[in-house]
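Throughout, numbering of the chain's residues begins at 1 and tracks the sequence.
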Amino acid sequence: MKLFEPNTKDKTIAHTYNAESIEVLKGLDPVKRRPGMYTDTSSPDHLAFEVIDNSVDEAIAGYATRIDVVLKKDQSVIVSDNGRGMPVDIHPEEKVSGVELIMSKLHAGAKFSNKDYSYSGGLHGVGVSVVNALSSRLKILIKRNGQEYGIGFKNGIKTEDLTIVKKLNSKETGTSLQFFPDFSYFDKPLFSKTALKTALKSKAILCKGLVTTFYDEDSGEKDTWKYDQGLDDYLNENLNGEKCIFSRTFAGEIHGDDIKLNWAVNWTMESGPNPEESYVNLIPTLLGGTHVNGFRSGLLESVREFCKFRNLLPKGLYLAPEDIWDKIGYILSVKLSDAQFSGQTKERLSSRHCANLVNIQVRDTFSLWLNQNIEEGEKLAAFAIENAKNRVQKAKKVTKKRASNGTILPAKLSDCTSIDQARRELFFVEGDSAGGSAKQARDRRFQAIMPLRGKILNTWDLESSAIIESRGIRDISRVLGVIPGSDDISKLRYNRICVLADADSDGLHIATLMCALFLKHFPEIVKKGHVYIAMPPLYRIDVGKEVFYALDDAEKTTITKKINRRKKHGKINVQRFKGLGEMNPAQLKETTISPDSRRLVQLSVENESEESLKQVYDIMDMLLGKKRAKDRKTWIESNGNIKEIE
């Protein structure tokens, strides 16, 4: 593959990059131009979910008791609720009605603060406006103030002004929204009835007393859901009579200041498709997130404590998360103020503080339950111990198959004790002082620490055979168990390799040099998804007894604004970390090393096509190539003044 083939074409004035080249997208244009950034474009289902979630937020807030969804023959969808109705009064600053503002502008909504919604799934203010942008037609009817109002849109643009349709004799309130998706934006031009039914059923289960209905106009089929029971009944229903470890499901419900937690969990005797469902503010998080991490670690710590107290664990055996996560069936529902999701589709929760909140509540409740139900607890302990024994036995077999090459590992490496390659993690840490803190913060069973002394050699322009002469690179190669330039990674000693550097410019430089090393000389490790960059915080924010961490200035500003909105008592104290060495081990563990609450960014090349690889290699060559100093200077002069702004 010719990555650096010189461009010999004439650069005419037509390709000149100047101010005229810059486009400013206004209104809903960003959504139409890049719909995949705002919603799932495989089908229009997610548009319906966005509208349903708005109605659900009214139900969570206590204003709506019913949500009706109709799938019309023309593949339009009507979502109706009996909530307060979308606002129809004029916005004091924008000088347009509330409903028009919500539908026509990104980042316009009532869910940025906790004033109108304590818990809600809509936090970005883009959900329902995305539905408008990607619909050929959209019509809203609002019942409010004793009148019914109507407003219409086409392709995201208002075509019918807000008018009073009729007067109402009752105090009835609510919103009915009908949209016609523009199917040119989606891979499939049809709604999934199953997906819509599943979503509505889950909303009814998670919000006691809420009635949800689905009517298919084409078939005439109508379904209604209302659940007054708890999550344990729903879980038992989904386990289909499977024989379980617990005779009755372990379920709980806890309400805190900033979190409401409901769960139901059990383990089946046989393997099968058990329900593993998690929700945040009634939105399904298909990819899990910090709430599931906290739930898993809370259950695990309780079982470990139970085994230790009753002396059930064989000497030298250690229970890992996967030992209790096998054959599990659970429903977890978290209602969280200021929930942070990864992406607009909200499939993963990323709120770091949630893991600890869930962990504490579940751990304490489950520990008490196990000691009150000793027979059930001993069954689960025996199940987990058997899984742990099988895991260790399997790892030993794999180790025996690998021939030892007699490599002497660097003295600075603090290795982990686990022989299970799938669990082992390696952290390359900037500096000896940070390395010392990281050694205390790690879980020595599966996390290894390798301190780096300053910046490693810039290997971008060098051949793989030449870089091994550098002692630093040679140590990295020995620790990994892979020779630079080799495609054979069968002897890779760790499943996850994390680069942990300071959050300042020097740390970013070191992370860039490490990325260059892996991309150029260990490409197979990158391709298999083994390399990650840890994201340590730059700031610690204290208010009263609460502690928050911010990745950068933008996140610091967002957190302080949220604290001010919540009117927390106490002075806000902001501390800027000068480096990783300034963090104590507990802080480093919570923010960067613990799997439950850390942030990692995977080093990967998008779609791995030749064009994508060429683009990545061109950028790295410009940043690190010795012969590209002039290009680098030009780039810095053009982009050196770019700052992140809100």
Side-chain angles (χ1 to χ4, degrees), residues 289-290 293 297 340 342 348-353 355-356 412-416 423-456 472 476 479-480 492-519 522 525-526 528-540 547-556 576-604:
T290 51
N293 293 344
S297 60
Q340 299 293 318
S342 299
R348 185 194 297 274
L349 182 73
S350 57
S351 300
R352 184 181 288 174
H353 68 290
N356 195 42
K412 280 192 173 186
L413 173 68
S414 296
D415 212 351
C416 52
R423 293 194 68 228
R424 288 164 61 93
E425 298 181 348
L426 170 66
F427 285 84
F428 287 112
V429 183
E430 175 189 354
D432 289 336
S433 58
S437 296
K439 288 173 189 175
Q440 295 178 61
R442 69 175 175 144
D443 187 327
R444 64 179 63 249
R445 283 175 283 257
F446 67 94
Q447 292 177 321
I449 304 294
M450 175 68 180
L452 298 173
R453 182 177 292 175
K455 294 172 184 174
I456 66 164
I476 290 172
V479 168
L480 295 175
L492 182 66
R493 302 181 65 245
Y494 304 91
N495 185 46
R496 187 166 285 172
I497 299 150
C498 308
V499 178
L500 177 52
D502 292 344
D504 58 11
S505 56
D506 280 340
L508 293 174
H509 190 191
I510 289 172
T512 304
L513 291 171
M514 289 294 288
C515 287
L517 174 66
F518 283 109
L519 276 170
F522 299 97
I525 296 179
V526 176
K528 297 295 184 185
H530 293 293
V531 184
Y532 295 80
I533 309 299
M535 307 294 284
L538 193 58
Y539 297 99
R540 171 181 165 141
V547 179
F548 302 89
Y549 294 96
L551 199 64
D552 50 28
D553 289 304
E555 194 169 19
K556 180 190 74 171
R576 189 183 193 277
F577 292 116
K578 293 179 183 176
L580 294 170
E582 216 175 60
M583 289 188 196
N584 62 46
Q587 291 172 337
L588 198 59
K589 180 177 182 177
E590 181 186 357
T591 61
T592 319
I593 291 180
S594 171
D596 288 341
S597 53
R598 68 191 179 190
R599 294 190 205 178
L600 297 179
V601 176
Q602 190 175 39
L603 180 63
S604 62

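Applying the side-chain contact (heavy atoms from CB on, under 4.5 Å) rule to Asp415 yields the partners Leu409, Leu413, Arg424, Ala448, Arg493, Tyr494; only residues at least two apart in sequence or on another chain are considered. Judged as a side chain to side chain donor-acceptor pair (under 3.5 Å), and not counting sequence neighbours, Gln440 has no contacts. With sequence neighbours excluded, the residues forming a side chain to side chain donor-acceptor pair (under 3.5 Å) with Arg445 are Tyr318, Asp443, listed by chain and number. Remark: Phe522 pairs with Phe518 by the ring-ring contact (aromatic ring centres under 6.0 Å, His included) rule, at least two apart or across chains. Checked against side-chain contact (heavy atoms from CB on, under 4.5 Å), His353 has the following partners two or more places apart in sequence or in another chain: Leu336, Ser351, Leu357. In this structure, the side-chain contact (heavy atoms from CB on, under 4.5 Å) partners of Leu513, at least two apart in sequence or on a different chain, are Lys455, Ile456, Asn458, His509, Leu624. Contacts of Arg496 classified as side chain to side chain donor-acceptor pair (under 3.5 Å), with partners at least two apart in sequence or in another chain: none. Scanning for side-chain contact (heavy atoms from CB on, under 4.5 Å) contacts around Arg444 gives Arg442, with sequence neighbours left out. Every side chain to side chain donor-acceptor pair (under 3.5 Å) that Asn293 has, sequence neighbours left out, goes to Arg296.
For the pair Ile533 and Cys515, the tightest heavy-atom approach, listed with the atom from each and the gap, is CD1-SG, 3.7 Å. Taking each heavy atom of Ala501 and Gly507 in turn, the nearest pair found is CB-O, 3.3 Å. Here the shortest heavy-atom pairing between Lys412 and Pro451 reads O-CD, 3.4 Å.
The CD atom of Gln602 sits 10.5 Å away from atom SG of Cys498, with the distance rounded to the nearest 0.5 Å. Rounding to the nearest 0.5 Å gives a distance of 15.5 Å between NZ of Lys556 and CZ of Arg540. With rounding to the nearest 0.5 angstrom, the OG atom of Ser414 is 13.0 Å from the CZ atom of Phe427. Residue Leu480 holds its CG atom at 5.0 Å from CD1 of Ile525, rounded to the nearest 0.5 Å.
A 4.5 Å side-chain heavy-atom check between Ile449 and Leu500 finds every atom pair outside the cut-off. Considering only heavy atoms from C-beta on, Val499 stays 4.5 Å or farther from Leu603 through its side chain. Looking only at side-chain heavy atoms (C-beta outward), Phe446 and Asn495 stay at 4.5 Å or farther from each other. Inter-residue side-chain proximity for Asp553 and Tyr539 is flagged as met; some heavy-atom pair is nearer than 4.5 Å.
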- side chain to side chain contact (heavy atoms under 4.5 Å, CB included) between Ile510 and Asp502: does it pass, once the steps are laid out? CA-CA 9 Å; Ile510 289 172; Asp502 292 344; over 6 Å; no
Return all side-chain donor-acceptor pairs below 3.5 angstrom for residues 591-600, not counting sequence neighbours, or 'none' if the list is empty.
from: Thr591; atom 1: OG1; to: Gln587; atom 2: O; distance (Å): 2.8
from: Ser594; atom 1: OG; to: Asp596; atom 2: N; distance (Å): 3.4
from: Asp596; atom 1: OD2; to: Ser297; atom 2: OG; distance (Å): 3.0
from: Ser597; atom 1: OG; to: Glu590; atom 2: O; distance (Å): 2.4
from: Arg598; atom 1: NH1; to: Glu425; atom 2: OE1; distance (Å): 3.0
from: Arg598; atom 1: NH1; to: Ile593; atom 2: O; distance (Å): 3.0
from: Arg598; atom 1: NH2; to: Glu425; atom 2: OE2; distance (Å): 2.8
from: Arg599; atom 1: NH1; to: Glu555; atom 2: OE1; distance (Å): 3.2
from: Arg599; atom 1: NH1; to: Glu555; atom 2: OE2; distance (Å): 3.3
from: Arg599; atom 1: NH2; to: Glu555; atom 2: OE1; distance (Å): 3.4
from: Arg599; atom 1: NH2; to: Glu555; atom 2: OE2; distance (Å): 2.5

